[in-house]
> 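Starting off with a structure, shown below.
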Amino acid sequence: MEGNMNLSLKVWRQSNKDTAGGFENYNLDSVSPDMSFLEMFDVLNEKLVVEGKEPIAFDHDCREGICGSCAMYINGRPHGPLKGVTTCQLHMRSFNDGDTIVVEPWRAKAFPVLKDLVVDRDAFDRIMSSGGFISVNTGNAQDANSLPVPKEAADDAFSAAACIACGACVAACKNASAMLFVSAKISQLALLPQGQAERSIRAEKMVAQMDAEGFGACTNTGACSAECPKEISMSNIARMNREYIGAKFSSTAV
Amino acid sequence: MATSSRLDAKIPQGPLETKWSKFRSSVPLVNPANKRNLEIIVIGTGLAGASAAATLAELGYKVKAFCFQDSPRRAHSIAAQGGINAAKNYQNDGDSIHRLFYDTVKGGDYRAREANVHRLAEVSGSIIDQCVAQGVPFAREYGGLLSNRSFGGVQVQRTFYAAGQTGQQLLLGAYSGLQRQVGMGTVQMYNRHEMLDVVVIDGKCRGIIARNLITGELERHAGHAVLLCSGGYGNVFYLSTNALGSNVTAAWKAHKRGAFFGNPCFTQIHPTCIPVSGEHQSKLTLMSESLRNDGRIWVPKAKNDNRPGNEIPEEERDYYLERRYPAFGNLVPRDIASRAAKERCDAGYGVGTSKLAVYLDFAAAVQRYGRAEANKNNIHNASDVDITLWGKAVVKEKYGNLFDMYKQITGEDPYEVPMRIYPAVHYTMGGLWVDYNLMTTVPGLYSLGEANFSDHGANRLGASALMQGLADGYFVIPYTIGAYLASEIRTGKISTDHEAFVRTEKEVKDRIDRLLSIQGKTSPETFHRRLGKIMWDKCGMARNEKGLKEAIAEIRQLREEFWKDVKVMGTAGYFNPELDKANRIADFMELGELMCIDALDRNESCGGHFREEYQTEEGEALRDDENYMYVSAWENLGNNKWELHKEELVYENIKIAQRSYK
Ligand SMILES: Cc1cc2nc3c(=O)[nH]c(=O)nc-3n(C[C@H](O)[C@H](O)[C@H](O)COP(=O)(O)OP(=O)(O)OC[C@H]3O[C@@H](n4cnc5c(N)ncnc54)[C@H](O)[C@@H]3O)c2cc1C
Ligand code: FES
């Protein structure tokens with residue numbers, strides 16, 4: 001192998017949802033600083049296979065910071081030490097030779113651990129199903145340029161829509177609140193003219209589903225936004241609160 | 001040459017321009033009450049699958065959708081960067097449906113079906129309308145209207161985009177439509193499920209066997225039609241720009257149950273990717289083609305010039321694409337740009353430590369944009385420092401996320417030094433053979449998106465895969481599926497107790513048990529890496545008869561070794577990603593052989609398929625239209641034996657020419 005970093009890893013192992021888990025220690029030598037964090041895990045897993053041990057399960061797919069699959073809680077921080085970077089885009093040059101690295105899954109009541117570092121994030125999909133859309137059937141649309149959208153609104157909507165639903169916000173929050181995730185979608189659609197028709201009902205339904213899933217309350221600590229790999233802004237939460245209060249004021253739907 | 005009697009492309013009669021509209025108004029319809037009793041299984045929730053599942057559910061069909069990720073929103077389409085084409089002609093620069101059609105057929109080096117491509121161009125505009133209505137935040141100009149940019153092989157601006165995250169925004173749009181249907185109960189979503197076989201009864205596709213990846217249980221699902229929207233197979237090369245989970249298993253199982261495989265050897269190698277840095281590498285990262293709007297590609301004029309890029313003076317640089325292809329310059333199509341990079345590196349002009357890289361340089365763009373900003377703000381004596389600062393800000397707005405990604409991976413800052421890039425496997429034009437209705441050679445089994453072979457010939461133009469995926473799902477299959485389902489209204493509910501379901505499930509189980517029982521010494525990953533190396537060296541950017549023959553022998557050997565020596569840890573009874581991986585690699589090892597066989601059959605160079613024996617004096621691809629103007633559709637005969645069937649390509653609306661971008 002090509003590198004010269006030696007690491008001690010403390011990794012959470014848990015066989016399934018119903019059994020208790022615990023930390024296991026692994027030593028890994030000759031890690032290259034150019035490896036990504038997940039490539040370091042690949043090397044560790046290959047080593048485990050050769051030793052006849054079961055490899056560590058973790059979610060990942062794109063390895064480009066966009067699919068939102070990867071989710072490791074590294075040394076007490078979701079996605080590790082760098083700001084604006086997912087686990088898959090984190091590289092070993094951000095660590096030092098001789099470091100001990102502690103790796104855990106997301107911890108939240110609404111995200112049960114399925115195995116090792118893999119958690120169940122279906123709650124996010126259910127929140128989306130409750131109202132995270134514009135009701136437009138295929139074929140209903142008018143010509144795209146018949147509805148100008150001010151550049152600023154489009155840019156702000158895009159910034160909110162950049163959320164990858166990894167769940168780092170929930171993992172970072174001491175209350176395991178999902179407000180940043182939910183508010184990003186509500187904001188995106190509230191900022192666009194296309195989203196106006198369902199604006200109130202959307203906020204009401206999505207918030208109701210979020211509560212039903214068992215996510216905690218928001219106490220405005222801001223850890224979610226600080227740890228978000230896509231740097232989704234706290235201002236979305238303020239906007240969502242305005243939307244929600246406005247909706248509740250005028251409707252009795254939910 | 002005549003088309004094989006086993007292939008009927010079902011292309012509607014009549015002039016090209018009216019084929020689709022006539023088809024739409026004459027295709028049989030299924031009434032709403034009957035739709036409720038017809039079940040459709042959709043494998044995949046990328047752009048093709050999500051758009052198809054949502055639209056079919058809106059129409060009233062009962063839909064089940066499957067993906068192996070933990071959420072449909074994480075399908076590989078999410079990673080598409082640069083943009084999506086549509087013939088809107090918003091820029092008034094001469095675009096039209098015909099021009100998009102023509103560019104696509106020419107870009108594909110005259111190996112795509114005219115009727116399909118024309119339909120794609122016809123529906124392209126509606127895709128943009130649909131996405132905007134869903135709230136997809138495309139880039140806009142100050143006047144509030146949509147912005148466009150250019151992609152390779154094209155002289156108009158028809159690409160719509162959302163920064164470098166177009167795939168993400170389009171998929172989230174399609175996903176929101178899908179989740180809406182899930183919420184209404186019209187789509188049942190099965191995430192973390194992997195389809196491991198299709199079930200065929202009396203010659204018709206009637207369902208699938210899937211593995212619940214969490215519990216490990218095998219499940220039977222019946223449907224009146226099955227849509228494979230399972231993406232491309234670029235990961236047969238091990239290293240590619242695809243997401244790590246992307247695989248061929250769904251398509252391959254269908255192939256083994258009777259679906260012919262079209263043009264398997266047509267692979268796209270993308271010119272601008274971050275070069276390989278070491279053994280540990282698990283994937284390659286694309287730097288979007290959109291960067292070629294502003295980046296200039298060059299190598300030093302002198303061999304083995306070891307100075308850092310930004311210290312090499314202007315007159316000692318060779319902007320080889322601008323030199324060789326003045327008409328299209330840095331925006332030549334991908335196959336041509338990739339080969340040109342390889343040519344320079346092979347000739348000893350490569351840069352970086354590995355010498356397998358060329359520069360993609362933004363310094364000129366920064367200056368140009370900086371000066372434009374100064375002019376816009378009426379500042380006529382701006383300092384160089386300010387101009388550079390403003391120019392960088394404009395570049396950041398256009399490509400910021402790509403520049404960040406580059407810096408994160410390489411540790412170098414592309415705002416200061418030119419990017420180093422090299423070609424990498426990116427997309428597969430080949431896939432399941434489908435007719436005009438997107439149906440495979442198995443009745444009731446369809447294929448959409450990258451998983452089919454249909455629209456891109458031997459080379460895909462940039463920003464056309466997203467267009468095709470959404471065209472197939474939103475606007476094509478909802479119509480064409482009626483042609484088949486109208487005759488299925490009397491079938492009634494299909495029982496999963498049928499002997500074919502039982503037998504197929506047992507075959508799936510036996511294979512899993514076999515994989516787990518070998519308990520050899522070598523990890524699945526190691527086999528995958530070795531397969532990838534064979535494919536890249538011998539069936540990659542350049543191919544020749546000798547290499548392909550060697551590759552076939554080596555793959556057979558490797559496959560044998562795999563089934564004797566692979567070590568798969570864990571059990572089948574629970575979440576086991578190692579097992580999933582081994583299962584996929586086993587299929588890649590069969591596909592790899594077919595790709596080499598196909599490449600060997602095609603004694604010509606076209607698009608991404610470059611046979612070294614067939615090139616012009618200037619090193620351009622040399623087609624042989626007389627003998628190879630066909631789609632190769634391979635029938636699986638079992639035991640890794642195949643028979644070739646040919647679909648002749650007929651061009652009635654386009655004049656065939658040697659493809660020139662000079
Ligand atoms: C990095 C990158 C950037 C790109 N940028 C662009 C671009 O700018 N413009 C453009 O036009 N194209 C681009 N492309 C190409 C384009 O993204 C893809 O061709 C396209 O998104 C494929 O969409 P799809 O719906 O066919 O398949 P995918 O998005 O790959 O989806 C496949 C789906 O099938 C599911 N699946 C697969 N097998 C199984 C199975 N056995 N069981 C259950 N589910 C299964 C997966 O879970 C997934 O949901 C890019 C590609 C890459 C790699
Ligand atoms: S693996 Fe996709 S975001 Fe990390």
> Pick from B:Asp404, B:Thr285, B:Asn576: which one has the most heavy-atom pairs with chain A under 4.5 Å?
B:Thr285
> Tell me, side chain or backbone of B:Ser126 under 4.5 Å from chain A's heavy atoms, or both, or neither?
neither
> Treating B:Gln281 as the side-chain partner and A:Glu39 as the backbone partner, does any N or O pair qualify as donor plus acceptor under 3.5 Å?
no
> Given heavy-atom pairs under 4.5 angstrom as the criterion, report whether the side chain, backbone, both or neither of A:Ala160 touches chain B.
neither
> When you check the gap from the basic side-chain N to the acidic O, do A:Asp122 and B:Arg192 get nearer than 4.0 Å?
no
> Identify which part of A:Leu90 has an atom lying under 4.5 Å from any heavy atom of chain B, answering side chain, backbone, both or neither.
backbone
> Under 4.5 Å heavy-atom distance to chain B, tell me which part of A:Leu147 shows up: side chain, backbone, both or neither.
backbone
> Chain B heavy atoms under 4.5 Å from A:Ser130: which part of the residue, side chain, backbone, both or neither?
neither
> Counting only non-hydrogen atoms closer than 4.5 Å, does B:Glu578 touch chain A with its backbone (N, CA, C, O), its side chain (CB onward), both, or neither?
side chain
> Counting only heavy atoms not in A:Lys151, do more than 12 fall under 6.0 Å of its NZ?
yes
> With A:Ile66 as reference, evaluate B:Asn401, B:Leu171, B:Ile78 under the side chain to side chain contact (heavy atoms under 4.5 Å, CB included) test and give the passing residue.
B:Ile78
> So for A:Ala153, is it side chain, backbone, both, or neither that comes closer than 4.5 Å to the heavy atoms of chain B?
neither
> For the atom pair NZ (A:Lys185) and OG (B:Ser176), what is the distance rounded to the nearest 0.5 Å?
6.5 Å
> At a heavy-atom distance under 4.5 Å, which candidate from B:Gln519, B:Glu525, B:Gln165 has the highest pair count against chain A?
B:Gln165
> Rounded to the nearest 0.5 Å, how far does CZ of A:Phe158 lie from CD of B:Gln168?
6.5 Å
> What part of B:Leu172 gets closer than 4.5 Å to chain A, counting heavy atoms only: side chain, backbone, both or neither?
side chain
> Quiz question: by atom type and distance under 3.5 Å, do the side chains of A:Arg63 and B:Ser282 form a donor-acceptor pair?
yes
> What heavy-atom pair brings B:Tyr175 and A:Phe124 nearest, and what distance separates the two atoms?
OH-O, 4.4 Å
> Check each atom of A:Gln142 against the heavy atoms of chain B and say whether the ones under 4.5 Å are side chain, backbone, both or neither.
backbone
> Kindly indicate whether the side chain of A:Gln89, heavy atoms from C-beta on, has any atom under 4.5 Å from the side chain of B:Met405.
yes
> Can you name the closest pair of heavy atoms from A:Leu189 and B:Gly135 and give their distance?
CD2-CA, 4.5 Å
> What is the distance from atom CG of B:Leu178 to atom CG of A:Asp125, rounded to the nearest 0.5 Å?
9.0 Å
> Quick check on the interface: out of B:Gly570, B:Gly177, B:Gly183, B:Pro137, who has the most heavy-atom pairs with chain A under 4.5 Å?
B:Pro137
> Chain B heavy atoms under 4.5 Å from A:Ser15: which part of the residue, side chain, backbone, both or neither?
backbone
> Just checking, any donor-acceptor pair under 3.5 angstrom between side chains of A:Asp34 and B:Ser277?
no
> Below 4.5 Å from any heavy atom of chain B, which atoms of A:Asn16 appear? Answer side chain, backbone, both or neither.
both
> How long is the straight-line distance from CD of B:Gln130 back to CG of A:Asn140, given to the nearest 0.5 Å?
7.0 Å
> With a 4.5 angstrom heavy-atom cut-off, which part of A:Asn145 approaches chain B: side chain, backbone, both or neither?
both
> Let me know if B:Asn191 has heavy atoms under 4.5 Å from chain A in its side chain, its backbone, both or neither.
side chain
> Do we get A:Lys115 above B:Phe575's six-membered ring, with its NZ or CZ under 6.0 Å from the centre and within 45° of the axis?
no
> Is it true that B:Lys567 and A:Glu54 make a salt bridge, defined as a side-chain N closer than 4.0 Å to a carboxylate O?
no
> Using heavy-atom distances under 4.5 Å, tell me whether B:Glu397 contacts chain A through its side chain, its backbone, both, or neither.
side chain
> Could you look at B:Tyr142 and say if it's the side chain, the backbone, both or neither that has a heavy atom under 4.5 Å from chain A?
both
> Identify which part of B:Gln408 has an atom lying under 4.5 Å from any heavy atom of chain A, answering side chain, backbone, both or neither.
both
> Please flag which part of B:Phe138 lies under 4.5 Å from any non-hydrogen atom of chain A: side chain, backbone, both or neither.
backbone
> Identify which part of B:Ile409 has an atom lying under 4.5 Å from any heavy atom of chain A, answering side chain, backbone, both or neither.
both
> Using a cut-off of under 4.5 Å for heavy-atom pairs, which of B:Val568, B:Leu146, B:Val182 has the most such pairs with chain A?
B:Leu146
> Chain A: which of B:Leu286, B:Thr522, B:Val132, B:Asp129 shares the most heavy-atom pairs with it under 4.5 Å?
B:Asp129
> Give, as side chain, backbone, both or neither, the part of B:Leu284 having an atom under 4.5 angstrom from any heavy atom of chain A.
backbone
> Could you check if a side-chain atom of B:Arg180 sits within less than 4.5 angstrom of a side-chain atom of A:Ser129, using non-hydrogen atoms only?
no
> For a 4.5 angstrom cut-off between non-hydrogen side-chain atoms, does B:Gln134 reach A:Phe133?
no
> Tell me whether A:Arg121 is salt-bridged to B:Asp70, with the criterion being a basic N under 4.0 Å from an acidic carboxylate O.
yes
> For B:Tyr479, I'd like to know if atom OH has over 12 heavy atoms of other residues, nucleotides or ligands within 6.0 Å.
no
> Is it true that A:Glu64 and B:Lys283 have a side-chain N and a carboxylate O under 4.0 angstrom from each other?
yes
> Evaluate side-chain contact (heavy atoms from CB on, under 4.5 Å) for A:Asp42 paired with B:His280, printing each intermediate quantity in order.
CA-CA 8 Å; A:Asp42 291 342; B:His280 58 265; over 6 Å; no
> Could you tell me which portion of B:Thr410 (side chain, backbone, both or neither) has an atom closer than 4.5 angstrom to a non-hydrogen atom of chain A?
backbone
> Is A:Asp143 salt-bridged to B:Lys88, going by a charged N under 4.0 Å from an acidic O?
yes
> Less than 4.5 Å to any heavy atom of chain B: does that hold for the side chain of A:Leu114, its backbone, both, or neither?
both
> Contact part of B:Gln69 toward chain A, heavy-atom cut-off under 4.5 Å: side chain, backbone, both or neither?
side chain
> Heavy atoms only, distances under 4.5 angstrom: which of A:Asp120, A:Val118, A:Leu82 has the most pairs with chain B? Name it, please.
A:Val118
> Checking A:Glu46 side chain against B:Ser523 main chain: does a donor-acceptor pair fall under 3.5 Å?
no
> Measuring from A:Asp61:CG to B:Arg74:CZ, what's the distance to the nearest 0.5 Å?
9.5 Å
> Looking at A:Glu152 and B:Arg140, does any basic side-chain N land under 4.0 Å from a carboxylate oxygen?
no
> Between CG of B:Leu244 and CG of A:Leu38, what distance do you get to the nearest 0.5 Å?
9.0 Å
